[in-house]
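Structure first, then comments.
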Amino acid sequence: MRHATALRIGPVGFRLGSDWPGPVAAIDDLYAGYPQPLDGIPDFTVRLFAARPWRRWLRPSVHIGGDYVLPDAAPLPLALGLIAAEMGMNLQMALGQRRYLLLHASAVERDGRALLMTGISGAGKSTLAALLMARGWRLMGDEFALVDPETGLVHAFPRLISLKNEAIPVMEAALPGARFGPRLEGTPKGTIRHLVPDAGSLAAMDAPAVPALILFPRYGFATETREVLPSETFLWLTQASTNYVALAERGFDALTRLVTQVPARALDYPDTDSAIAEVERLWASL
Amino acid sequence: MGLAVSGARILADALRAPETALRLDAAGWTALIAMARAEQLAGTLAHRLEGLAVPGAAACILADARASAAQGQTAALWEAEMARRALAPLEMPVVLLKGTAFAAAGLSAGMGRSIGDLDILVPRGRIGEAEAALIAAGWEWVKPDPYDDLYYRRWMHELPPLIHRERDRMIDVHHTILPLTARITPDAEALIADSVVLADGLRVLSPPDMICHAAAHLFADGDLAGGLRNLWDIHCLIGESGTQGLEARAAHHGLSAAVARAGRLSHALFGSAVPQAWRRTAGADALYLRRMLARDGWGRATRRLTRMGFYIRSHAIRMPPAMLARHLWTKWRKGHVPG
């Protein structure tokens, strides 16, 4: 393709091709410190393309393609090319990842042990992970946690942290010196601004961690913590995994091991300060 | 042949002679994997390359593809078993077709092959019973459109597709292997009469009929989408069962031209052991090869005009001109856009 780049996020290599220079330049800029795919061979290809040649210039609209595609995925305006590239990479993971059990969860690490946070969109998993990173935890990822069925370890997938709407000013205040992407208005999820994970998180991206706690945060309620039984955690996590069914027995075994070995808590919180205090308290009590 | 250079040639070469892949650099491997995924051949390629000293990153990707294909086959065979149970009380012959048949019969064409819908063949006179039994067992209509439904029932070689409401898997119930509107009318009764019964009671086509069906599917139906995979099926089938009696059987079904072309192209791309007469390309073969290899290193469909030509051809051979015009007019009014 006319414009192309490659990068590796944790164990997963990507190649991105684009009909326009903009999305590739945005990715190269924000992913500047990331390594190249192992052996120069990416796991997945993402293509950003114009459906008709003239749509490269005339009302340019970015279609997302690649090794794995969803039929009928809506195109994005060129101004949101960065989002299209991110969606393309997420799509490859969601549809094509077969090495790791993929959990739609954020993950942070301290002392070699990982905290996984999962929940519905708006539960605050990205924001809480970013705030914990600001407090010295290693960010392993804000979107996907990769569970290795062979070892039970969690592998990092520290892509750009995708901050949405109210989370943007919260993180701008918490990390004034951090690298942020452009402010993108009018995306399918409102306003989005990407935050680059800190240098420590990137330097350690190849180090897996032992899962130690699973949290189900829920924003907008009085602070309350409740134990979640392995059976219930199992059910929630099958919902939070895009490839649990495709991995079949390996997926079942990996998830069974995870929920039987790792404690899980539901955490309701009214504001981020309370949530962080509660997370630190739970972590200390493990 | 001059027309057919480049494109997905590296993929065809890697399938034919796996050691050719060892000459690839990182960019070559990247292109090979993208092409194989786009042609639904990643699992097949992974099986062909198993055991070779490929680069570490490629080895991981290929191992994932093998695991993924294995799981796909488990699911496909389970789906066949579900259909077997639903149809067993009717005591009619049920013949598995295409990918599920290759996997069920343990053929080399099934190695790593991706399998989509379940395709079965039943006697035409009993297809209504089969439909009723499947619906009673949880399959439902996919196409709510009355025109499409009527079109299938009047003119197609299969029932409108059914999908299982719990397992979300499609089944295509055929009563022959080409649409009734096509000029060629294979002998469906002979396909069933000569089919081979497997241990569980399900059947697969006889070896020559498998090749005839694959060739019919490739050249006398569709627009060659997925053509490379179908041609690889043919290569494997020829390699396993040979071509003894194949020409006579093809002639019986009216498929001589399609089977001969399949033999020639399979020899040209994969070096299949075919009769002498099929060892040289002929007529429009170069155009077919050009279409089959129309894929670039990003996995993109290329050669737009060639593709469009085959798309138009697929309709022209499927039905007579006046009927085609009426059909396309109806589809266009309903908002269908070709391509």
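Naming: A, B, ... by sequence-line order, numbering from 1 per chain. Everything quoted here is computed from the prediction, not taken from an experiment.
Within the model, atoms CD1 of B:Ile61 and CZ of A:Arg98 stand 14.0 Å from one another, a figure rounded to the nearest 0.5 Å.
Counting heavy-atom pairs closer than 4.5 Å to chain B, the top-ranked of the candidates A:Gly66, A:Gly13, A:Pro42, A:Ala4 is A:Pro42. When each of B:Gly297, B:Cys60, B:Ala75 is checked for heavy-atom pairs under 4.5 Å with chain A, B:Cys60 comes out on top. Looking only at heavy-atom pairs under 4.5 Å with chain A, the residue among B:Ser68, B:Gly299, B:Ala27, B:Ala65 that has the most is B:Ser68.
No more than 12 heavy atoms of other residues, nucleotides or ligands shown are found within 6.0 angstrom of CZ on A:Arg2. Around atom CG of A:Leu58, more than 12 heavy atoms belonging to other residues, nucleotides or ligands sit under 6.0 Å away. The number of heavy-atom neighbours closer than 6.0 Å to CD of B:Glu140, taken from other residues, nucleotides and ligands shown, is above 12.
When all heavy atoms of B:Pro55 and A:Ile41 are compared, the closest pair comes out as CB-CD1, 3.8 Å. Taking both residues in full, the closest heavy atoms of B:Arg37 and A:Asp67 are given as NH1-OD2, 2.6 Å, listed atom of the first, atom of the second, then distance. Shown here for A:Ala51 and B:Arg304, the closest heavy-atom pair between the two residues is O-NH2, 4.3 Å. The nearest pair of heavy atoms linking A:Val46 to B:Trp298 is O-CZ3, 4.0 Å. Heavy atoms only, all atoms of each residue included: A:Gly40 and B:Ala26 are closest at O-CB, 3.6 Å.
Using a 4.5 Å cut-off between heavy atoms, A:Arg99 contacts chain B through both its backbone and its side chain. Using a 4.5 Å cut-off between heavy atoms, B:Ala38 does not touch chain A at all. There is no contact between A:Val12 and chain B, counting heavy-atom distances below 4.5 Å. Both the backbone and the side chain of A:Phe44 come within contact range of chain B, with heavy atoms under 4.5 Å apart.
Here the side chain of A:Asp39 pairs a donor or acceptor atom with the backbone of B:Ala57 at under 3.5 angstrom.
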> Given A:Arg250 and B:Gln71, is the side chain to side chain contact (heavy atoms under 4.5 Å, CB included) satisfied, shown in steps?
Replying inline: CA-CA 10 Å; A:Arg250 285 166 68 225; B:Gln71 168 55 19; over 6 Å; no

